[in-house]
Amino acid sequence: MNNLNNYISEETPPKASAMINTFRAFGYNLQTAIADIIDNSISAEAGNIWVNYEWKGAESWVSIIDDGVGMDSNTLVSAMTPGCKDPNDEREITDLGRFGLGLKTSSFSQCKTLTVATKRQILKF
């Protein structure tokens, strides 16, 4: 077998705009997209989940707010990175995600802008 180190190679990262447009074609409808995001809230141990919306044509919006454990900065960056999870990795029994795509694919299947705000409570003993 030839040594692959002898060949020229290049990194080929995906183009963000093309990838986001690809997410729009994953077959979600509004109900399944919202359900996928609510799965994230359940995985984050939310006791309450609030879904708010306003339908105004192109200016419509949906917000999904929960009282789950929140994310620190590194976890948020990972959550916003496509394919952040290896489907073969061990997961917590409460983790409903598998590929690290749900938040991104469900959101961008329905919208052009996604904003995530999070706060992680620091417990003091």
Undergrad: Is the shortest side-chain heavy-atom distance between Tyr28 and Ile34 below 4.5 Å?
TA: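 Sidechains of Ile34 and Tyr28: no contact.
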Undergrad: For the side chain of Asp67 and the backbone of Gly47, is there at least one donor-acceptor N/O pair under 3.5 Å apart?
TA: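 The answer is yes, because a donor-acceptor pair under 3.5 Å joins these two groups.
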Undergrad: Measure the CG-CG distance between Leu103 and Asp39 for me, rounded to the nearest 0.5 Å.
TA: 11.5 Å
Undergrad: Compare all side-chain heavy atoms of Val116 with those of Met71 and state whether any distance is below 4.5 angstrom.
TA: yes
Undergrad: To the nearest 0.5 angstrom, please state how far the OG1 atom of Thr105 sits from the CG atom of Asp36.
TA: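 CG of Asp36 is found 6.0 Å from OG1 of Thr105.
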Undergrad: Between Ser60 (side chain) and Gly57 (backbone), is there a donor-acceptor pair under 3.5 Å?
TA: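 Confirmed, Ser60 side chain pairs with Gly57 backbone.
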Undergrad: Taking all non-hydrogen atoms of both residues into account, name the closest pair between Ser106 and Ile37 and its distance.
TA: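 Heavy-atom minimum between the residues: OG-CG1, 3.4 Å.
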Undergrad: For residues Val51 and Ile38, determine if any side-chain heavy atom of one lies less than 4.5 Å from a side-chain heavy atom of the other.
TA: yes
Undergrad: Is any side-chain heavy atom of Ile42 less than 4.5 Å from a side-chain heavy atom of Ile49?
TA: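 Side chain of Ile42 against side chain of Ile49, heavy atoms only: contact under 4.5 Å found.
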Undergrad: State whether the number of non-hydrogen atoms from other residues, nucleotides or ligands found under 6.0 Å of Glu54 atom CD is greater than 12.
TA: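 Yes - once you tally the heavy atoms of other residues, nucleotides and ligands closer than 6.0 Å, there are more than 12.
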Undergrad: Under the side-chain hydrogen bond (donor to acceptor under 3.5 Å, both in side chains) rule, what do Thr75 and Asp72 come out as? Steps first, then yes or no, please.
TA: CA-CA 5 Å; Thr75 305; Asp72 60 26; 2.7 Å; yes
Undergrad: So, for Ser41 and Asp66, which heavy atoms are closest and what is the spacing to 0.1 Å?
TA: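 Reported closest heavy-atom pair: OG-OD2, 2.6 Å.
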Undergrad: Test of understanding: clusters of I, L, V, M, F, W, Y form through side-chain heavy atoms closer than 4.5 Å, transitively. Do Leu114 and Trp61 belong to the same one?
TA: no
Undergrad: Can you tell me how far the CD atom of Gln110 sits from the OG1 atom of Thr32, to the nearest 0.5 Å?
TA: 7.0 Å
Undergrad: Run the numbers on Tyr53 and Ile64 for side chain to side chain contact (heavy atoms under 4.5 Å, CB included), then give the verdict.
TA: CA-CA 9 Å; Tyr53 60 91; Ile64 302 168; over 6 Å; no
Undergrad: Looking only at heavy atoms, which two atoms of Leu30 and Trp55 are closest? And how far apart?
TA: CD2-CH2, 3.2 Å
